[in-house]
Amino acid sequence: MDEAIHEKVREVIKSIPRGRVATYGDIADLSRAPSPRLVGRILNEDGHDLPWQRVIKADGTCAPHLRDEQLQMLREEGVPSLDGKVNLREYRWEDARKDADEPPSLF
DNA sequence: TACTTGACCGTAA
DNA sequence: ATTACGGCCAAGT
């Protein structure tokens, strides 16, 4: 069942620390979801009780219909945005970059 | 069954 | 900076 993935996605999102953000792709990797689009769909239907404001697009922007409210919520928890974009280099949840099954780097 | 629709992503022009 | 395109995949028509 992909009901398992559904729950895993929710868990990963719940574990994003305050003051950090993760991209849809990050969540997909960590939760083994087959594609980032699934993450978006899951949030849309079953994300009301999650810290959804911490999930943003890979370019640092938010989904259009949420933009204003989301950026405001993030600002309140210490994540600033400039020109509608969050600086991922500064505020991306680092654990999300750490493996999701990456081979060890040779460097 | 076939086509459309998303809270998306990476690449390229 | 912006647009376009292909890939993604579950749900809804």
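In what follows, every chain begins at residue 1, and chains take the letters A, B, ... in the order their sequences are listed. Keep in mind the model is a prediction, meaning the values are calculated, not measured.
Here, dG7(C) and dG6(B) have their C1' atoms 14 Å apart, quoted to the whole Å. Comparing dG6(C) with dA7(B), their P atoms are spaced 22 Å from each other, to the whole Å.
Per the geometry, CG belonging to Leu38(A) stands 13 Å off P belonging to dG12(C), to the nearest Å. Rounded to whole Å, atom C1' of dT11(B) lies 14 Å from atom CG of Asp59(A). Separating the CG atom of Asp26(A) from the C1' atom of dG10(B) is a distance of 14 Å, rounded to the nearest angstrom. Between the CZ atom of Arg37(A) and the C1' atom of dT4(B) there is a distance of 11 Å, rounded to whole Å. For the pair Glu3(A) CD and dA10(C) P, the computed distance is 13 Å after rounding to whole Å. One can place CG of Leu88(A) at 11 Å from P of dG10(B), the figure rounded to the nearest angstrom. Rounded to whole Å, the distance from CD on Gln70(A) to C1' on dC8(B) is 14 Å.
An OP1 or OP2 oxygen of dA7(B) is reached within less than 4.0 angstrom by no side-chain nitrogen or oxygen of Arg41(A). Side-chain nitrogen and oxygen atoms of Lys57(A) include none within less than 4.0 Å of the OP1 or OP2 phosphate oxygen of dG10(B).
When hydrophobic clusters are built by joining Ile, Leu, Val, Met, Phe, Trp and Tyr residues whose side-chain heavy atoms come closer than 4.5 Å, directly or via intermediates, Val39(A) is grouped together with Trp93(A).
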